[in-house]
Amino acid sequence: MDSHQFYLDVGMVSDRGQRRPHQEDFCQFHNPMDLSDMDVAGSLFLVADGVGGGTAGGRASKYAVEHVLHDYYHHDSEDLEERLSDAFRSANRGVFDFASDLSSGKGVGT
């Protein structure tokens, strides 16, 4: 492992566009402060494009991003591909279940 450190300034900006009165997209990042966590898992930056109208697309995109971040950093494996793949699969199931539970869930996703 390389002992060099670097610092990262991150900014996020979003635009709701011209078709919707509200934002359905969601972005978030995690940059571990603990160097041992950083060495094992690194930083993760996620953007989810919410679809479906109303507030459901926004809720789905926020759920997906937060779920991936949580599962990725709380996974037991040191295999980063496995961590990320499992986190996305789990978030996908959760978004699917959320959309299925909505009476107007057709087309809701991220």
Side-chain angles (χ1 to χ4, degrees):
M1 184 62 64
D2 195 343
S3 64
H4 292 91
Q5 290 185 19
F6 66 94
Y7 296 92
L8 192 59
D9 283 328
V10 178
M12 297 182 286
V13 66
S14 183
D15 187 303
R16 66 178 171 78
Q18 297 177 357
R19 299 188 83 182
R20 304 261 186 225
H22 56 273
Q23 182 58 271
E24 293 186 346
D25 306 337
F26 191 78
C27 57
Q28 194 169 345
F29 68 93
H30 183 72
N31 193 26
M33 299 304 288
D34 183 316
L35 291 179
S36 63
D37 289 343
M38 177 64 93
D39 286 345
V40 171
S43 297
L44 194 57
F45 301 81
L46 297 166
V47 177
D49 182 9
V51 296
T55 59
R59 288 172 39 206
S61 64
K62 182 177 181 183
Y63 171 87
V65 166
E66 289 176 345
H67 197 89
V68 168
L69 283 169
H70 177 272
D71 282 9
Y72 178 79
Y73 285 103
H74 291 90
H75 200 287
D76 293 336
S77 176
E78 290 190 16
D79 181 329
L80 300 184
E81 184 176 342
E82 180 182 350
R83 279 176 175 241
L84 199 55
S85 180
D86 287 353
F88 271 98
R89 267 194 225 96
S90 179
N92 185 59
R93 279 191 305 275
V95 169
F96 180 82
D97 291 344
F98 165 71
S100 297
D101 289 343
L102 293 176
S103 60
S104 62
K106 187 176 181 182
V108 171
T110 186

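Heads up: numbering here begins at 1 and tracks the sequence. What you see is a predicted model; the values in this text were computed from it and never measured.
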**Q** Run the side-chain contact (heavy atoms from CB on, under 4.5 Å) test against Phe45 and tell me which residues pass, sequence neighbours left out.
**A**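 Phe45 satisfies side-chain contact (heavy atoms from CB on, under 4.5 Å) with Leu8, Val10, Phe29, Ser43 once adjacent residues are dropped.
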**Q** For Phe96, which fellow cluster members are found when Ile, Leu, Val, Met, Phe, Trp and Tyr are connected by side-chain heavy-atom distances below 4.5 angstrom, either directly or through intermediates?
**A**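 Hydrophobic cluster check, Phe96: no partners found.
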**Q** Taking ring pair (Phe, Tyr, Trp, His ring centres under 6.0 Å) as the test, write out the residues that go with Tyr73, two or more places apart.
**A** His30
**Q** Just to verify, what does Gln28 make a side-chain contact (heavy atoms from CB on, under 4.5 Å) with, not counting sequence neighbours?
**A** Phe26, Val65, Glu66, Leu69
**Q** Taking all non-hydrogen atoms of both residues, which atom of Ala41 and which atom of Tyr72 are closest, and how far apart?
**A** O-OH, 2.7 Å
**Q** Please find the pair of heavy atoms, one from Thr110 and one from Ala64, that lie closest to each other, and give the distance.
**A**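 Scanning both residues completely, I find the closest heavy atoms to be CG2-CB, 3.7 Å.
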**Q** Tell me whether Leu80 is reachable from Phe88 by hopping between hydrophobic residues (I, L, V, M, F, W, Y) whose side-chain heavy atoms are closer than 4.5 Å.
**A**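 Yes, because Phe88 and Leu80 connect within a single hydrophobic cluster, where side-chain heavy atoms sit under 4.5 Å apart.
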**Q** Report yes or no: does Asp25 contribute a side-chain atom to a donor-acceptor pair with the main-chain N or O of Gly50 at less than 3.5 Å?
**A** yes
**Q** Going from CE on Met33 to CE on Met38, what distance comes out if it is rounded to the nearest 0.5 angstrom?
**A** 9.0 Å
**Q** Would you find a donor on one side and an acceptor on the other, under 3.5 Å apart, between the side chain of Ser61 and the backbone of Gly58?
**A** yes
**Q** Say you draw a straight line from CG of Asp37 to CG of Asn31; how long is it, rounded to the nearest 0.5 Å?
**A** 11.0 Å
**Q** Apart from Tyr63 itself, which Ile, Leu, Val, Met, Phe, Trp or Tyr residues share its cluster (side-chain heavy atoms under 4.5 Å, direct or through members)?
**A**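 Once heavy-atom contacts under 4.5 Å are chained together, Tyr63 belongs with Val95.
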**Q** Scan residues 68-86 for pairs that pass salt bridge (charged side-chain N to carboxylate O under 4.0 Å, His left out), counting only residues two or more places apart or in two chains.
**A** Asp86-Arg89
